[in-house]
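See below for the structure under consideration.
Just so it is clear, the model here is predicted, and its values are computed rather than measured. Here is the naming used below: chain letters follow the sequence lines, and residue numbers restart at 1 for every chain.
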Amino acid sequence: MPELPEVEQVRLSLGPHVDGKTILGVRLDLPKMVHYPAPEVFAKAVQGAQITRVGRRGKYLTLHLADDRYLLVHLRMTGALLAGKKGDPEPPYTRLAFFLSGDENLYFTDIRTFGVVELLGQDDKRDPGYEALGPEPLSPELTAEYLRQLAKGKSTVLKAFLLDQSHIAGLGNIYADEALFAAGIRPTRRVNRITKKEWQQVVDGVNQVIAQGLRNHGTTFRNYQDANGEMGDNVKYLQVYHRKGKPCFRCGTPLVQIKVAGRGSVYCPHCQK
DNA sequence: TCATTCACCTGTCGGC
DNA sequence: TGCCGACAGGTGAATG
Ligand SMILES: [Zn+2]
């Protein structure tokens with residue numbers, strides 16, 4: 001259930017295991033996770049390809065190949081990319097296995113099986129979600145003015161607006177709630193009634209919580225792990241997520257949980273306006 | 001066209 | 001203890 005900081009940590013931890021390695025072959029235990037091309041075609045097409053580097057955009061990982069093609073990977077809710085020594089038992093819930101040159105393999109594990117992989121060419125605009133991604137947190141493109149313009153004429157609630165990956169790339173349920181707490185704004189506020197000053201608070205809140213998540217190698221609640229099977233430490237620093245009924249760290253008021261945009265959302269009724 | 005809800009899966013937890 | 005619904009770091013399709 002990785003969001004930007006978790007996916008970035010996977011990218012960082014995966015690189016040393018796969019950079020320069022050749023894909024000798026694959027085993028597709030759950031072919032439906034291969035969205036493009038058809039699984040049989042995919043299996044043949046990646047054989048012999050050399051991985052040059054691992055990239056990330058929003059919650060997507062890109063494994064670039066020497067011939068300018070790339071594997072586009074989305075971990076969705078419970079996906080993980082794990083490196084494992086040849087000869088060691090494969091990790092549980094392995095759905096796709098990539099057999100590499102060298103002494104390790106790469107396993108795409110996924111309890112809920114929502115994860116996706118595609119093999120794309122450099123100019124393949126085939127994944128609409130990937131193509132539509134908005135600016136990254138912590139980038140100069142993410143400004144109060146950008147968000148204010150984008151929200152003009154929209155009637156959505158702020159949290160749904162933040163979760164839309166075409167607005168900002170990489171926010172998910174945890175960091176959206178945390179960013180809203182940092183910004184002092186309720187998840188239910190209509191975006192067309194957010195002031196210029198508040199949009200700046202949103203930008204600052206998003207950047208702050210994402211930077212903290214990155215520093216702590218992500219948030220592990222239940223399943224998330226990086227390519228080495230390491231957990232993230234950020235859970236200790238969460239202010240509101242999963243703290244329904246507990247006292248606000250800032251004011252002591254019990255935190256409230258409601259459903260917004262179909263997701264559990266926790267906020268402080270005193271600190272967030 | 002836009003906003004909201006549902007469906008995709010598997011596992012876990014709380015209430016009865 | 002056992003069952004059963006609600007829920008879980010996400011996202012596109014279906015629906016209104
Ligand atoms: Zn408070």
Side-chain angles (χ1 to χ4, degrees), chain A residues 1-10 29-36 56-61 72-81 91-96 108-118 126-134 137 150-180 187-192 206 209-210 212-214 216-226 231-245 257-266:
Chain A
M1 319 157 197
E3 307 179 32
L4 189 155
E6 292 75 38
V7 178
E8 177 63 10
Q9 179 57 27
V10 172
D29 296 335
L30 211 51
K32 66 147 197 163
M33 284 173 54
V34 178
H35 281 211
Y36 183 84
R56 180 196 60 76
R57 178 86 171 83
K59 300 173 195 170
Y60 291 82
L61 284 164
L72 185 63
V73 174
H74 199 300
L75 303 173
R76 294 287 176 95
M77 292 292 266
T78 51
L81 290 178
Y93 302 101
T94 294
R95 311 299 193 187
L96 310 174
F108 194 157
T109 70
D110 196 347
I111 296 172
R112 293 176 69 182
T113 76
F114 295 158
V116 171
V117 60
E118 297 173 302
R126 158 168 302 281
D127 188 303
Y130 183 63
E131 295 304 324
L133 286 175
L150 203 54
K152 264 191 182 156
K154 289 199 160 73
S155 63
T156 344
V157 121
L158 180 55
K159 178 159 172 184
F161 181 87
L162 294 179
L163 289 174
D164 188 325
Q165 302 298 295
S166 73
H167 299 158
I168 304 175
L171 283 185
N173 205 34
I174 293 181
Y175 295 98
D177 273 10
E178 294 296 315
L180 287 168
T188 47
R189 283 280 299 282
R190 301 271 150 186
V191 290
N192 50 16
V206 166
V209 300
I210 291 294
Q212 182 183 68
L214 289 167
N216 296 303
H217 312 300
T219 303
T220 298
F221 242 93
R222 11 178 101 78
N223 304 304
Y224 164 73
Q225 46 188 334
D226 73 9
M231 312 284 145
D233 298 323
N234 196 240
V235 68
K236 324 189 257 236
Y237 302 96
L238 298 183
Q239 302 290 302
V240 291
Y241 182 80
H242 215 266
R243 296 196 62 246
K244 165 178 70 166
Q257 173 155 348
I258 56 174
K259 202 140 198 147
V260 183
R263 326 290 305 276
S265 306
V266 185

### dG11(B): syn or anti, per glycosidic angle within 90° of 0
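Anti.
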
Distance in angstrom units between [X] [atom1] and [N] [atom2], rounded:
X         : N       : atom1 : atom2 : result
Lys244(A) : dC13(B) : NZ    : P     : 15 Å
Lys32(A)  : dT11(C) : NZ    : P     : 16 Å
Leu4(A)   : dT11(C) : CG    : P     : 11 Å
Asp110(A) : dC8(B)  : CG    : C1'   : 11 Å

Any strand: nucleotide that pairs with dC9(B) via Watson-Crick or wobble, under 3.5 Å: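 Across all strands, not a single nucleotide pairs with dC9(B).
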
Any strand: nucleotide that pairs with dG9(C) via Watson-Crick or wobble, under 3.5 Å
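Its partner is none (no Watson-Crick or G-U wobble pair with both distances under 3.5 Å).
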
Using the 3.5 Å cut-off, write out each protein N or O paired with an N or O of nucleotides 7-10 of chain C and the distance between them.
| from | atom 1 | to | atom 2 | distance (Å) |
| --- | --- | --- | --- | --- |
| dA8(C) | O3' | Tyr241(A) | OH | 3.4 |
| dA8(C) | N3 | Arg112(A) | NH1 | 3.3 |
| dG9(C) | OP1 | Asn173(A) | ND2 | 3.1 |
| dG9(C) | OP1 | Tyr241(A) | OH | 2.4 |
| dG9(C) | OP2 | Arg263(A) | NH2 | 3.2 |
| dG9(C) | O5' | Tyr241(A) | OH | 3.3 |
| dG9(C) | O4' | Met1(A) | O | 3.4 |
| dG9(C) | O4' | Glu3(A) | OE2 | 3.2 |
| dG9(C) | N9 | Met1(A) | O | 2.2 |
| dG9(C) | N7 | Met1(A) | O | 3.4 |
| dG9(C) | N7 | Thr219(A) | O | 3.1 |
| dG9(C) | O6 | Phe221(A) | N | 2.3 |
| dG9(C) | O6 | Arg222(A) | N | 2.8 |
| dG9(C) | N1 | Arg222(A) | N | 3.2 |
| dG9(C) | N2 | Arg222(A) | NH1 | 2.4 |
| dG10(C) | OP1 | Lys59(A) | NZ | 3.0 |
| dG10(C) | OP2 | Asn173(A) | N | 3.3 |
| dG10(C) | OP2 | Arg263(A) | NH1 | 3.1 |
| dG10(C) | OP2 | Arg263(A) | NH2 | 2.3 |

- Query: More than 12 foreign heavy atoms under 6.0 Å from NZ of Lys154(A): is that the case here?
  - Reply: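 Atom NZ in Lys154(A) is crowded, with more than 12 foreign heavy atoms closer than 6.0 Å.
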
Practice item. For the residue pair Gln225(A) and Thr220(A), establish whether any side-chain heavy-atom pair is separated by less than 4.5 Å. Key: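 No; the side chains remain at least 4.5 Å from each other.
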
Can you tell if the side chain of Phe108(A) reaches within under 4.5 Å of the side chain of Leu75(A), non-hydrogen atoms only?
->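 Side chain of Phe108(A) against side chain of Leu75(A), heavy atoms only: contact under 4.5 Å found.
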
Exercise for review: Look at Ser155(A) and dA3(B) and indicate whether a side-chain polar atom (N or O) is within less than 4.0 Å of OP1 or OP2.
Suggested key: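 Yes, because at least one side-chain N or O of Ser155(A) sits under 4.0 Å from OP1 or OP2 of dA3(B).
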
- Could you tell me whether the side chain of Asp177(A) and the main chain of Tyr241(A) form a donor-acceptor pair under 3.5 Å?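 It does not hold such a pair.
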
Considering only the [atom1] atoms, how many Å lie between [N] and [M], rounded to the nearest integer?
N       : M      : atom1 : answer
dC6(B)  : dA6(C) : C1'   : 15 Å
dG5(C)  : dA7(B) : P     : 15 Å
dA14(C) : dC9(B) : P     : 14 Å

**Prompt:** Is the His74(A) ring parallel, tilted or perpendicular to the Tyr60(A) ring (thresholds 30°, 60°)?
**Reply:**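 Because their plane-to-plane angle is over 60°, the rings of His74(A) and Tyr60(A) count as perpendicular.
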
Minimum heavy-atom distance Asp110(A)-Arg95(A), with the two atoms named: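 The answer is O-NE, 2.6 Å.
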
Sugar-phosphate only, base, or nothing, as touched by Tyr175(A) at under 4.0 Å among non-hydrogen atoms:
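Nothing: the residue Tyr175(A), judged by heavy atoms under 4.0 Å, touches no strand.
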
*asked:* Is it true that Glu3(A) and Tyr224(A) share a donor-acceptor pair across their side chains at a distance under 3.5 Å?
replied: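 Per modelled atom types, Tyr224(A) and Glu3(A) side chains form no pair under 3.5 Å.
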
